[in-house]
Number of protein chains: 2
Amino acid sequence: MTGAQRKTLQDIADAAGLSKAATSYALRGLRGSEATQARVRAIADELGYSADPIARALANGRSGNVAIVGSLRDLWRQGLAVMLSEGLRAQELSSIIADVDGSPQREAAVLRSLAAQRVDGIIALPVDPSAEYWTQVPEQTRIVSIGDALTARPESESVLFDNEYGVGTALQHLADLGHRTVGLLAPTLPTTPGRPAELLAQSLGDSMGLSVTVSSSPSSVHGAAHAASQLLAGRERPTALFCLGDSIAFGAYRAARDLGLQVPADLSILGFDDSELASLVSPELTTFGWDEQAIVDAAVSALTMPEGTGTASGRVMFRPIFIDRESTAPPSTPSAPSH
Amino acid sequence: MTGAQRKTLQDIADAAGLSKAATSYALRGLRGSEATQARVRAIADELGYSADPIARALANGRSGNVAIVGSLRDLWRQGLAVMLSEGLRAQELSSIIADVDGSPQREAAVLRSLAAQRVDGIIALPVDPSAEYWTQVPEQTRIVSIGDALTARPESESVLFDNEYGVGTALQHLADLGHRTVGLLAPTLPTTPGRPAELLAQSLGDSMGLSVTVSSSPSSVHGAAHAASQLLAGRERPTALFCLGDSIAFGAYRAARDLGLQVPADLSILGFDDSELASLVSPELTTFGWDEQAIVDAAVSALTMPEGTGTASGRVMFRPIFIDRESTAPPSTPSAPSH
DNA sequence: ACCCTGTTGTGAACCGGTTCAATTAGTTAC
DNA sequence: GTAACTAATTGAACCGGTTCACAACAGGGT
């Protein structure tokens, strides 16, 4: 039934008694009288015409598809990737999702292969934001990075997270509850030198009189459980755990359960990146959420925005939203003075 | 630094002292002597040439990108979508992910808009597999559907799930434990008439002497909690709940907790679609898992496979894998005879 | 009338590949 | 030595749009 041949620009031109050129201009409203434009437009959608994106892409040099690259291991990023793809689709852009699985080597490789694909934009959830390889992609390919700015590419735009605010409120919350020693579980991000969040936590903790022990953990529930139990097995057991990622927090729950610790009575757990499951586990996880849709919109519009519009600095910052649920409480034993 | 202009086919031709045509053939190994082919190939990658996918697409009429459409609400499908996108990328195919959010109307609309995009393949996780609108997409666009075959498009290939086996093992497991009345929570899928799983459960349950009450539930944790508590509030409270989807199962946990029921002592819960979180909740969820990678590979190869290769029927079937954890147990009170 | 400017419309070239039909070179056969 | 056939190579057309440079024509001003 769908046997009708695709209509081409020439078909419309013929039907309108105009040249290809005039028709092309008219359809895009670039030239010709109002009357002609309307007439051509009418004919076009009467015949069910729509321009072939491929031909158009070839002619004007842009492919119309962008890549979403980064480490998509955890649920949060995975969801974000899907939302981004959706958001781009709304702008008539196709997307390629490339999971680099947490490895800078793969990230570099993917970037290289992307060059051949002629993507005309990249949204990155960078594994290694300070890597040099980000300069390998041609300058005219716009890059928007989410989470961290690309140090090697200062002209690229970024959507940042206000970690200072997040870490600050988290530690303040714990300090207010009376905790004195807290453990911080940060995701393992290979090569990235100087993780801002950890450093922030150390200095902010200091100023609040908290002793913060930092430990890194894979983003998987199992890996995190392992990392958490090691942290809890230390001689000065922290009374609260601040987990940079809900998956890690879930791992911490498991570790607590394995060690026979009650949450939040014996151990407070604080998450990050509110997931749908956060309110499911028992006790419900106190965590930080994001306005994901806003983040996606910001990233998409940063990518599609004409040159240098928007914020002067080329960066937008989002604040996490504190969601106080049930997994934090004052420490049961007032943090003993050393031993 | 990356200032070098893109190499075009003509550049290679010049460097090799051949015509554009000869070069094109040689690069693809379609014509010319072995020697020439090798030489051209060498020159090409010495100059760092790679064919522009857009120009190629225009010339041979296929766009090289496929769409992944369907309801991507739950974590499982979301993860699958990302894996599919990855799998397609490995075959040099870009993908467009379109979430239709569970609405057949949106599904129809998305399909319509996809036609304009000239996708040359679709992988569907159909909301309404029996809808007529699947015939709207041109026949030459290959469709692979996952989960349900498209009744309106018998020629399309499908990757199916062996529900009979899954439901059978699930009910058998519950029957063996001594349960007599079980509730089935199936996801709400609007318009889909005659949900096979429900029917299956009814008849299989009959043959095992089980009384199965079917109820539908949204796939979100909250919605499911609501649906579950309604089911549990019925006068003949089931002693076990079989949830078609882990998210629903998590909702059931929450409902049980709200009602003060112990899992699995007072209520057994059985999930479906093993998620990473299944082993996290307490007690760990007994559920069914899938070999997702195999499913993805099957779908991708069904899409890329040349005409009519593969299974004669055009369908592959996967069996869920039973994962026995902690959330099922014999019913505490032997299922009372009515009241 | 005449020049100037501004708008509408046009043919042709172009984007970067693929493919057809025709030409040229290279073998083998008699 | 030449007919006969196969393999290598090529120019030109094509895919379906966009864009440039220029022609045709309108109205305004003096």
Side-chain angles (χ1 to χ4, degrees), chain A residues 4-41 43-45 47-65 92 94 115-120 138 140, chain B residues 4-41 43-45 47-65 92 94 115-120 138 140:
Chain A
Q5 207 51 54
R6 286 221 136 282
K7 296 281 177 288
T8 91
L9 183 59
Q10 187 64 62
D11 295 335
I12 310 304
D14 292 349
L18 284 176
S19 67
K20 251 173 69 178
T23 312
S24 172
Y25 286 127
L27 278 176
R28 288 172 299 153
L30 298 183
R31 283 217 212 167
S33 60
E34 279 297 331
T36 322
Q37 291 190 12
R39 190 168 59 87
V40 173
R41 210 114 51 184
I43 295 181
D45 51 51
L47 268 53
Y49 168 82
S50 73
D52 183 339
I54 309 244
R56 176 169 286 171
L58 179 58
N60 60 27
R62 69 183 79 266
S63 67
N65 55 25
E92 318 254 270
S94 342
Q117 295 243 21
R118 310 283 194 284
V119 292
D120 44 34
Q140 79 268 21
Chain B
Q5 207 52 55
R6 286 222 135 283
K7 296 282 177 288
T8 91
L9 184 58
Q10 187 64 63
D11 295 335
I12 309 304
D14 291 348
L18 283 176
S19 69
K20 251 173 67 177
T23 313
S24 171
Y25 287 128
L27 277 175
R28 288 172 299 154
L30 298 184
R31 287 210 208 168
S33 60
E34 279 298 331
T36 320
Q37 291 188 13
R39 189 168 59 87
V40 173
R41 210 115 51 183
I43 295 181
D45 51 51
L47 267 55
Y49 167 81
S50 73
D52 183 338
I54 310 250
R56 176 169 285 170
L58 179 58
N60 60 26
R62 69 182 78 268
S63 66
N65 56 23
E92 318 254 88
S94 344
Q117 295 242 24
R118 310 282 194 285
V119 293
D120 45 32
Q140 78 269 22

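For the numbers below, each heavy atom of this structure counts, side chains included, while hydrogens, waters and symmetry mates do not.
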What one-letter contact string describes nucleotides 19-25 of chain C from 5' to 3', where B marks a base within less than 4.0 Å of any protein heavy atom, S marks contact via sugar-phosphate atoms alone, and - marks no contact?
BBB----
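- Within the 4.0 angstrom heavy-atom criterion, only backbone atoms of the sugar-phosphate kind lie near A:Gly32; the bases stay farther away.
- Checked against side chain to side chain donor-acceptor pair (under 3.5 Å), A:Arg31 has no partners two or more places apart in sequence or in another chain.
- Under the rule for a side chain to side chain contact (heavy atoms under 4.5 Å, CB included), the partners of A:Ala57 that lie at least two apart in sequence or sit in another chain are B:Ile54.
- A search for side chain to side chain donor-acceptor pair (under 3.5 Å) contacts involving A:Asn65 returns A:Ser63, not counting sequence neighbours.
- A 4.0 Å heavy-atom criterion places the boundary nucleotides of DNA chain D facing chain B at D:dA8 to D:dG16, written 5' to 3'.
- For B:Ala38, the side chain to side chain contact (heavy atoms under 4.5 Å, CB included) criterion is met by no residue, not counting sequence neighbours.
- Positionally, the nearest nucleotide of DNA chain D for B:Leu18 lies more toward the 5' end than for the other of B:Leu18 and A:Leu58.
- By the side chain to side chain donor-acceptor pair (under 3.5 Å) test, A:Gln117 is found to be paired with no residue, residues two or more places apart in sequence or in another chain being considered.
- Partners of A:Ala22 under the side chain to side chain contact (heavy atoms under 4.5 Å, CB included) rule, at least two apart in sequence or in another chain, are A:Leu18, A:Ser19.
- Every side chain to side chain contact (heavy atoms under 4.5 Å, CB included) that A:Ser24 has, sequence neighbours left out, goes to A:Leu9, A:Arg28.
- Five base pairs at each end of the helix from C:dA1-D:dT30 to C:dC30-D:dG1 define two local axes, and these are offset by 50° (rounded to 10°).
- Applying the side chain to side chain donor-acceptor pair (under 3.5 Å) test to every pair with at least one member in residues 47-57 of chain B, sequence neighbours left out, gives no pairs at all.
- The side chain to side chain donor-acceptor pair (under 3.5 Å) test applied to A:Asp14 returns A:Gln10, not counting sequence neighbours.
- Contacts of A:Ile54 with the nucleic acid, taken as non-hydrogen atoms under 4.0 Å apart, are absent.
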